[in-house]
Amino acid sequence: MSTFFGEHAVLIALVCGVITVIYGLILTRWVLSKPDGDDKMREIAAAIQEGASAYLSRQYRTVGIVAVILFLVLMFVPDLGGWRVAVGFLIGAVLSAAAGFIGMNVAVRANVRTAEAAKSGLSPAMDVAFKGGTVTGILVVGLGLIGVAGYYGALLAAGYSQTDTLHGLVGLGFGGSLISVFARVGGGIFTKGADVGADLVGKIEAGIPEDDPRNPAVIADNVGDNVGDDAGMAADLFETYAVSLVAAMLLLNQLSDGNAALVGLPLVLGGLSGLASIVGTLLVRVKEGGSVMGALYRGVIVSAVLSALLFIPAIFSLDSSITAPTTNFDGASTGKIFGCAIIGLVITALLMAITEYYTGTKWKPVQDVAEASTTGHATNIISGLGYSMQATAAPVVVIGGGILLANWFAGLAGIAIAVVAMLSMAGVIIALDAFGPVTDNAGGIAEMAGLPEDVRNKVTDPLDAVGNTTKAVTKGYAIGSAALAAVILFASYRDELRDQLVAAGNLEVARGLTFELSNPWVIVGLLVGGAMPFVFASFCMSAVGKAGKAVVEEVRRQFREKPGIMDYSERPEYGQCVDIVTRTALREMLVPAAIPVVIPILVGLLVIWTDNALQMLGGLLVGTIVTGLFLAISMTSGGGAWDNAKKLIEDGAHGGKGSIAHQAAVTGDTVGDPYKDTAGPAINPMIKIANIVAILIIPALVALV
């Protein structure tokens with residue numbers, strides 16, 4: 001058993017990866033086999049598909065130019081890793097883009113089929129929507145396993161050392177991170193620019209319902225749901241998944257003196273949990289009148305329990321490797337390593353529960369925000385901001401407690417295993433997130449196509465409300481996993497830097513390499529890193545403001561110049577709003593995406609004048625992790641609370657649609673949109689890119705010392 005898991009980690013991961021991809025293809029075929037409605041529904045769906053594909057194609061062409069430049073830099077600039085890192089970068093970028101593009105293309109076809117299935121009731125609509133979302137989640141895991149394990153195995157087979165091979169994987173992580181930050185920022189600007197414009201003019205000024213076909217921004221809004229919440233989240237969690245595997249392998253290599261069985265353990269755990277996620281998604285079913293959220297959580301719970309059971313033989317078979325004298329695991333045993341894996345799964349469950357508490361309509365925070373709306377716009381904003389700040393406390397306690405407990409069990413190795421176990425659940429968790437835009441679009445198509453009121457009120461609206469909560473829950477999971485992954489990335493930066501300084505003969509610098517708070521260079525680094533998430537988020541928020549303003553002006557123009565829109569005698573020019581948010585997103589995403597790449601490099605280059613820049617860069621990484629974690633949680637939880645407070649009022653609370661409370665809630669939701677869907681979630685890849693870049697430039701920095 002030990003020989004099998006220890007010597008065949010790459011094979012196990014590849015087989016599991018291929019199985020998950022095949023399952024994704026089977027689901028795709030099943031979804032596409034479902035009826036896609038009448039001519040009107042197909043026309044609306046085609047417009048959404050066309051807009052989403054056009055935007056994503058233009059986004060990837062823009063990012064492709066940046067990627068080619070970085071590929072050449074990595075290939076030819078001395079001390080950056082050469083072809084191994086450059087090819088890894090290319091693999092990571094292509095797979096991250098593919099996960100988002102394929103998943104989104106299935107989602108924009110599942111939406112109309114969900115709307116058609118909704119005519120038959122909640123259960124068939126839920127089935128189509130969840131399976132459509134599952135395609136995205138399963139592909140992220142499958143492509144992540146194939147990419148990391150495949151490249152790792154190929155480099156080892158080519159005769160490269162394990163250390164050189166892992167450096168190549170750092171490039172793969174960087175490629176995934178680059179696509180992720182562009183997808184998150186660009187998709188977020190697109191979706192929230194359109195959403196803000198549609199809501200402000202449509203709901204408040206014109207007094208028409210959400211997704212009303214008379215709103216010129218309605219198609220852009222539905223397109224945005226897919227490019228932001230589906231493609232963006234897929235790229236984000238692909239990057240987190242791949243980077244976490246790479247970071248754990250890199251750290252375990254350093255701690256175990258290159259023990260191949262232990263370095264391959266993250267691949268084995270990821271592969272086995274991928275299979276568990278397949279089983280979990282198969283068990284997501286809801287009866288008419290049943291709990292949609294309960295059905296979704298059943299899939300998560302089954303996946304987690306099955307993962308834990310599969311981890312037992314994989315971990316306990318490695319007893320001789322874990323207890324070997326060469327490992328620096330703080331006296332860990334297989335039982336303690338398994339305990340660390342369980343800690344990762346428990347952190348996942350707790351973060352999901354905490355996020356649902358702050359964003360679900362049946363809990364006090366959302367109900368308080370809705371009640372605050374009865375006294376006006378300002379009190380709605382104040383209440384939402386208050387809960388957004390409060391929402392940071394419990395997740396930090398969970399994450400901090402998990403880090404300390406895993407460290408007590410097995411040191412840094414234990415934290416690495418906890419991160420891998422947490423991210424191993426990505427398949428079923430992403431399925432929950434991608435379910436959201438499918439149901440949101442299905443409701444929009446039902447409204448625009450004039451389907452019976454019962455379809456919207458009894459099927460698509462309840463599914464959409466659950467989708468809002470699952471999207472928030474998934475963001476909480478992504479942020480928590482990003483924070484844990486960044487911890488082991490920082491440890492990898494510290495240990496890798498020290499090892500390379502020793503190898504280069506810079507023993508004096510290596511001995512003086514500390515990150516104590518008494519060092520003013522570390523303090524300055526902390527301040528610079530702490531400011532980065534705020535500056536990054538400000539650019540994202542400003543970009544949404546610009547896009548939203550342009551959409552508002554365009555929608556007002558069309559209402560003014562085409563009065564027949566309101567009585568259906570004239571057709572809105574939907575393409576104008578799609579074009580506006582596309583151009584704005586592509587233009588505005590470049591600067592924030594550059595921040596986590598450029599600033600660590602600039603700080604690192606200070607090593608030309610002083611080797612204290614190495615400590616400053618370490619401080620920068622820690623500062624980015626700390627403030628980024630708080631800011632991201634605050635933004636995503638607060639935005640989710642504002643969104644569902646509006647939903648609660650639209651369902652009839654506090655006067656319902658058209659009331660003063662509803663107008664205030666729309667304003668709160670509009671403020672919360674870029675919080676929860678643009679700036680907040682984009683901080684995840686920003687944190688990890690900064691850490692990956694720091695690790696990537698270590699050889700160049702050592703050469704300059």
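For the numbers below, each heavy atom of this structure counts, side chains included, while hydrogens, waters and symmetry mates do not.
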Q. Pick from Leu507, Val509, Leu701: which one makes a side chain to side chain contact (heavy atoms under 4.5 Å, CB included) with Leu501?
A. Val509
Q) Quick one: are Tyr152 and Gln162 in side-chain contact, heavy atoms under 4.5 Å? A) yes
Q. What distance separates Ile689 CD1 from Ser177 OG, expressed to the nearest 0.5 Å?
A. 5.0 Å
Q. How about Phe338 and Phe311: are their ring centroids closer than 6.0 Å?
A. no
Q: First locate atom CD of Glu239, then atom CZ of Phe174, and finally report the distance between them rounded to the nearest 0.5 Å.
A: 11.0 Å
Q. Is there a donor-acceptor pair closer than 3.5 Å between any side-chain N or O of Thr624 and the backbone N or O of Gly529?
A. yes
Q) Any idea which heavy atoms bring Gly402 and Ile347 closest together, and the distance? A) CA-CD1, 3.8 Å
Q) Looking only at atom types and distance, does a side-chain atom of Ser317 sit under 3.5 Å from a main-chain N or O of Ala314, one as donor and one as acceptor? A) yes
(Q) For Ala341 versus Ala421, what's the shortest heavy-atom pair and its separation? (A) O-CB, 3.2 Å
Q.
As a quick check of understanding, evaluate side chain to side chain contact (heavy atoms under 4.5 Å, CB included) for Val85 and Met75, giving each step before the final call.
A. CA-CA 7 Å; Val85 172; Met75 177 72 81; over 6 Å; no
Q | Heavy-atom closest pair, residues Ser492 and Leu250 | A | CB-CD2, 3.8 Å
Q: For side chain to side chain contact (heavy atoms under 4.5 Å, CB included), just list the numbers for Ile399 and Leu484, CA-CA rounded to whole Å, side-chain angles, deciding distance to a tenth of an Å, and then say yes or no.
A: CA-CA 7 Å; Ile399 293 169; Leu484 282 169; 4.2 Å; yes
Q. For the side chain of Ser303 and the backbone of Gly299, is there at least one donor-acceptor N/O pair under 3.5 Å apart?
A. yes
Q.
Whether the side chain of Ser424 engages the backbone of Gly270 through a donor-acceptor N/O pair (distance < 3.5 Å, no angle test) should be reported.
A. no
Q | Validation row: Arg184, Ile683 side chains within 4.5 angstrom (heavy atoms) | A | no
Q: Check step by step if side chain to side chain contact (heavy atoms under 4.5 Å, CB included) holds for Met249 and Leu169.
A: CA-CA 9 Å; Met249 293 169 71; Leu169 289 184; 4.0 Å; yes
Q) Looking at Val397, Val398, Thr355, which hits side chain to side chain contact (heavy atoms under 4.5 Å, CB included) with Leu350? A) Val398
**Q.** Test item: Thr470 and Asp433 side chains (from C-beta on) under 4.5 Å apart, heavy atoms
**A.** no
Q) Any idea which heavy atoms bring Ser256 and Val263 closest together, and the distance? A) OG-CG2, 4.4 Å
Side-chain polar contacts of residues 87-102 - donor-acceptor pairs under 3.5 angstrom, sequence neighbours left out - could you list them?
none

Q: Show your working on side chain to side chain contact (heavy atoms under 4.5 Å, CB included) between Asn684 and Lys688 and close with a plain yes or no.
A: CA-CA 7 Å; Asn684 302 341; Lys688 294 191 293 299; 4.0 Å; yes
**Q.** Taking every non-hydrogen atom, the tightest pair across Cys340 and Ala406
**A.** SG-O, 3.7 Å
Q: For the pair Thr348 (side chain) and Gly344 (backbone), establish whether a donor and an acceptor sit closer than 3.5 Å, ignoring hydrogens and angles.
A: yes
Q.
Between Gln254 and Asp499, is there a side-chain donor-acceptor contact under 3.5 Å, judged purely by atom types and distance?
A. no
Q) Going by heavy atoms in the side chains, are Tyr241 and Leu245 under 4.5 Å from each other? A) yes
Q) In Å, rounded to the nearest 0.5 Å, how long is the span from CZ of Phe515 to CG of Leu614? A) 7.5 Å
Q | Spacing of CE belonging to Met352 relative to OG1 belonging to Thr474, to within rounding of 0.5 Å | A | 6.5 Å
Q.
To check you understand the geometry: which heavy-atom pair defines the closest contact between Leu412 and Ala491, and what is its length?
A. CD1-CB, 3.8 Å
Q.
Let me confirm one number: the CG-CD1 distance from Leu605 to Ile697, rounded to the nearest 0.5 Å.
A. 7.0 Å
Q.
Please check: side-chain N/O of Ser161 versus main-chain N/O of Asp164, any donor-acceptor pairing under 3.5 Å?
A. yes
Q.
Donor-acceptor pair, distance only, cut-off 3.5 Å: does the side chain of Ser481 make one with the backbone of Tyr477?
A. yes
Q. Are Leu517 and Leu526 close enough that some pair of their side-chain heavy atoms sits under 4.5 Å apart?
A. yes
Q: With the side chain counted from C-beta on, respond yes when Ile417 and Leu269 share a heavy-atom pair under 4.5 Å apart, and no when they do not.
A: yes
Q. Which value, rounded to the nearest 0.5 Å, describes the distance between Asn519 atom CG and Met616 atom CE?
A. 11.0 Å
Q. Should Val185 and Pro592 count as side-chain neighbours, where that means a heavy-atom distance under 4.5 Å?
A. yes
Q. Can you list the residues that meet the salt bridge (charged side-chain N to carboxylate O under 4.0 Å, His left out) rule with Asp495, with sequence neighbours excluded?
A. Arg498
Q.
Would you say that Leu696 contacts Leu74 through its side chain, given a criterion of any heavy-atom pair below 4.5 Å between the two side chains?
A. yes
Q.
Checking side-chain polar atoms at under 3.5 Å, does Thr134 have a donor or acceptor matched by the opposite partner on Tyr23?
A. no
Q: Without swapping roles, check the side chain of Thr610 against the backbone of Ala613 for a donor-acceptor pair under 3.5 Å.
A: no
